[in-house]
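Computation of the quantities below employed the complete heavy-atom set of this structure, encompassing side-chain atoms and omitting hydrogens, waters and symmetry-equivalent molecules.
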Amino acid sequence: MLESPPVLTIAGSDSSGGAGIQADLKTFTVHRCYGASVTTALTAQNTAGVQAVFGVPPDFVKQQMNSVLDDIDIKAIKTGMLFDTENTKAVAQTLRGLFDAKGHVPFICDPVCVSTSGHALLHPDALDVLIDELFPISDLITPNKAEAELLLKQRNLPSRIANLQDMIDAARQLRSLGPQAVLLKGGHCVVSLGDLENVSSDEAHVVRDDLLDENSNILRIHGRNEQHPDSLVVDVLCESDSHITIFARTRIQSTSTHGTGCTLSAALVCQLARGTSLSEAVRLATAYTHNGIETAIPIGSGFGPLNHIHSITPRLVSPRTKTNPYPLTSSLIRSSRVIWKEYVQHEFVVLLGKGTLPKENFLHFIKQDYLYLKYYARAYALLAAKSHAYAPISAAIDVVLSIVQESSMHMGYCAEWGITEDELINTPESPTLTAYGAFLIDTGMQGDSMKLVVALAACLLGYGEVGLWLKEEARAPNSWVQWEGNPYLKWMEDYSGDVYQKAVKAGLETLESRAAADAPSQIRFADWQYVWERCTQLEKGFWDMAMNLD
């Protein structure tokens, strides 16, 4: 596979630089592809709209294409604005000749018909040529809502797109017009989380990369309040009538959306040129475009361009944004979602929430938890020793001192349950505790201090999530959680309360700020994921230990 595969855009020129071939070439570059271009039209436009369009003669469009294709081994092609019937015919004829002579290469047709500001970008009589001559040789077409409705209406097909089900139906109808697949973009449709949940698994597969997973209350409470479950952006990929994939993301309130469609199709071309599967290509391209909107700096007085260069340096951890201030933690929870759920919603936690946990199980747990605090304090002391500046040293020492203080409080709490100080001190460690404590200390002795930060966060954030989960469940109608009168109410209040949740927020900030300041390599990031999942398993093992007194 070429390191920088050559790709080609056939589209109009945007004088303001935010859309058309300018957006395509920027996108090609940051995706490490070599970009070539064929200009079909010149535009006088800016962020406020399109003021004028000047079409390039079709013979010259052909000449540009032949010049590029005769010399460069293009690995993927996209079209954008084609301007009129003759230019559309010229492009279709030249592409068919290329595919007949050299074999098919991945080809994406972005049926650019109307600008965001409402300016017509394709003559109406060119629609039939687009459908009849370009769609049948397309691997993918990428219409937005307005373009999809225009294309369907052109063939007297149901064209109203008002909701998610309409989008799914329209994608199937569009695919019947000839392309191998359809990506119906949903930026102009309002879709809610409830709409997604109503889509059956038989109807479509839902990819929720940017949405919070289950058991992510710590992220929602402490930084994701900007997420609006009733206003999502949903793109629908139809590869066959029975193979529908829905890509859902948080809607961003932004005026930096000029050239979004061009950018998305350009990112898709780069992925296909490298042999990426279509579904994965869409996932990656939509993520790139989403982050381009969210990290954009306002330019111009109208709808400004995306930030095309946000990923100029490859990042395994996404940049921190307003709608996702904790990208590392989100990624860690997502990568370990099965064991994370088993930990947060463990039988021990459920019985504790119901108030029916046998007393002997809880007593065994809190005695072992007292001993665990010593390991936790020693691990933070190691973190202080590994720090190279006063601020992180001071922060780690503050935590050690707070743990020492917490141990005294813990002793008082145990006394309320009839556990004496001597009994606590002389309680033998369980093998589960020894294994967990040894893992923490061993991780702290290794070179990367961030691994220890991740290990410590699994406990801090996990208990915060458990507390919030129980509190949220207690608020539900006819809840299974017994809050008032629960013998374990203090425990639940402690971990769902403001004091502990303040510590959770500080822990999130520490974790994310360190990751942002010192971006990990692939190997280092894999180490962080391993440590997080291992600590989550060990935390679950702590609950298991409490339930299995034998």
Side-chain angles (χ1 to χ4, degrees), residues 9-30 35 37-56 78-84 87-88 110-124 126-127 130 142-151 161 184-190 226 228 231 233 235 249-267 285-286 288-310 321-323:
T9 174
I10 306 167
S13 170
D14 174 6
S15 56
S16 69
I21 59 173
Q22 285 85 348
D24 293 342
L25 291 172
K26 292 172 188 176
T27 304
F28 294 164
T29 299
V30 298
S37 64
V38 169
T39 306
T40 59
L42 306 176
T43 66
Q45 66 173 299
N46 52 31
T47 63
V50 180
Q51 288 78 48
V53 182
F54 181 79
V56 173
K78 67 152 286 188
T79 58
M81 174 188 174
L82 298 177
F83 180 63
D84 64 7
N87 274 359
T88 307
D110 185 10
V112 178
C113 306
V114 183
S115 72
T116 303
S117 59
H119 194 286
L121 298 177
L122 184 68
H123 289 188
L127 285 176
L130 192 73
T142 59
N144 60 27
K145 175 181 180 289
E147 290 160 349
E149 290 177 333
L150 189 61
L151 291 164
I161 301 174
L184 178 52
K185 297 174 292 190
H188 298 96
C189 287
V190 177
E226 295 86 354
H228 300 290
S231 185
V233 173
D235 301 312
R249 292 192 172 276
T250 308
R251 182 176 294 277
I252 305 167
Q253 300 302 322
S254 172
T255 58
S256 298
T257 54
H258 180 55
T260 303
C262 306
T263 300
L264 176 61
S265 57
T286 53
Y288 165 78
T289 306
H290 177 91
N291 286 330
I293 297 171
E294 188 156 32
T295 60
I297 297 172
I299 293 176
S301 59
F303 288 91
L306 285 64
N307 173 16
H308 292 93
I309 61 173
H310 69 83
T321 62
K322 287 184 177 180
T323 58

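- For the atom pair CD (E147) and NE2 (H188), the distance works out to 9.0 Å, reported to the nearest 0.5 Å.
- The side-chain hydrogen bond (donor to acceptor under 3.5 Å, both in side chains) test applied to T289 returns no partner, not counting sequence neighbours.
- For the pair I299 and P305, the tightest heavy-atom approach, listed with the atom from each and the gap, is CB-CD, 3.8 Å.
- For the residue pair G259 and A19, the shortest heavy atom distance occurs at CA-CB, 3.6 Å.
- Listed for the T9 side chain is no donor-acceptor partner under 3.5 Å among the backbone atoms of S37.
- Put simply, the side chain of E149 never gets that close to the backbone of A146: no donor and acceptor are under 3.5 Å apart.
- At least one donor-acceptor pair under 3.5 Å links the side chain of K26 to the backbone N or O of G17.
- Every residue two or more places apart in sequence or in another chain that forms a side-chain hydrogen bond (donor to acceptor under 3.5 Å, both in side chains) with S16 is listed here: D14.
- For the residue pair G12 and T40, the shortest heavy atom distance occurs at N-OG1, 3.4 Å.
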Trace of the side-chain contact (heavy atoms from CB on, under 4.5 Å) decision for T260 with N144: CA-CA 10 Å; T260 303; N144 60 27; over 6 Å; no
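- Distance alone, capped at 3.5 Å, is enough to place a donor-acceptor pair between the H310 side chain and the Y288 backbone.
- With rounding to the nearest 0.5 Å, the separation of CZ in F303 from OG1 in T47 is 9.5 Å.
- Using a 4.5 Å cut-off on side-chain heavy atoms (C-beta onward), V30 and H308 make no contact.
- When atom types are taken as modelled, the side chain of D110 and the backbone of S265 share no donor-acceptor pair closer than 3.5 angstrom.
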Stepwise side-chain contact (heavy atoms from CB on, under 4.5 Å) check, L151 with L130: CA-CA 9 Å; L151 291 164; L130 192 73; 4.2 Å; yes
Chi angles and distances behind the side-chain contact (heavy atoms from CB on, under 4.5 Å) call for V56, F83: CA-CA 9 Å; V56 173; F83 180 63; over 6 Å; no
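- For the atom pair NE2 of H290 and OG1 of T295, the computed distance is 9.5 Å after rounding to the nearest 0.5 Å.
- The backbone N or O of L306 sits nowhere less than 3.5 Å from a side-chain atom of S256 that would complete a donor-acceptor pair.
- In this structure, N307 CG and I293 CD1 are separated by 11.0 Å, a value rounded to the nearest 0.5 Å.
- Using a distance-only test at 3.5 Å, with no hydrogens or angles considered, a donor-acceptor pair links the side chain of K185 to the main chain of T142.
- Judged by distance alone, with hydrogens and angles left aside, the side-chain atoms of Q51 form a donor-acceptor pair with the main-chain N or O of G49 at under 3.5 Å.
- Contacts of E294 classified as salt bridge (charged side-chain N to carboxylate O under 4.0 Å, His left out), with partners at least two apart in sequence or in another chain: none.
- Contact record, G18 with A23: O-CB, 3.3 Å, taken as the closest heavy-atom pair.
- One distance of note links CE of M81 with OG1 of T39; it measures 11.0 Å at 0.5 Å rounding.
- Contact record, A148 with L184: CB-CD1, 3.5 Å, taken as the closest heavy-atom pair.
- Checked against I10 for a side-chain contact (heavy atoms from CB on, under 4.5 Å), the options N87, I21, D24, L82 give a single hit: L82.
- To the nearest 0.5 Å, atoms OG1 (T321) and CD1 (I252) are separated by 7.5 Å.
- Contact record, G186 with R251: O-NH2, 3.9 Å, taken as the closest heavy-atom pair.
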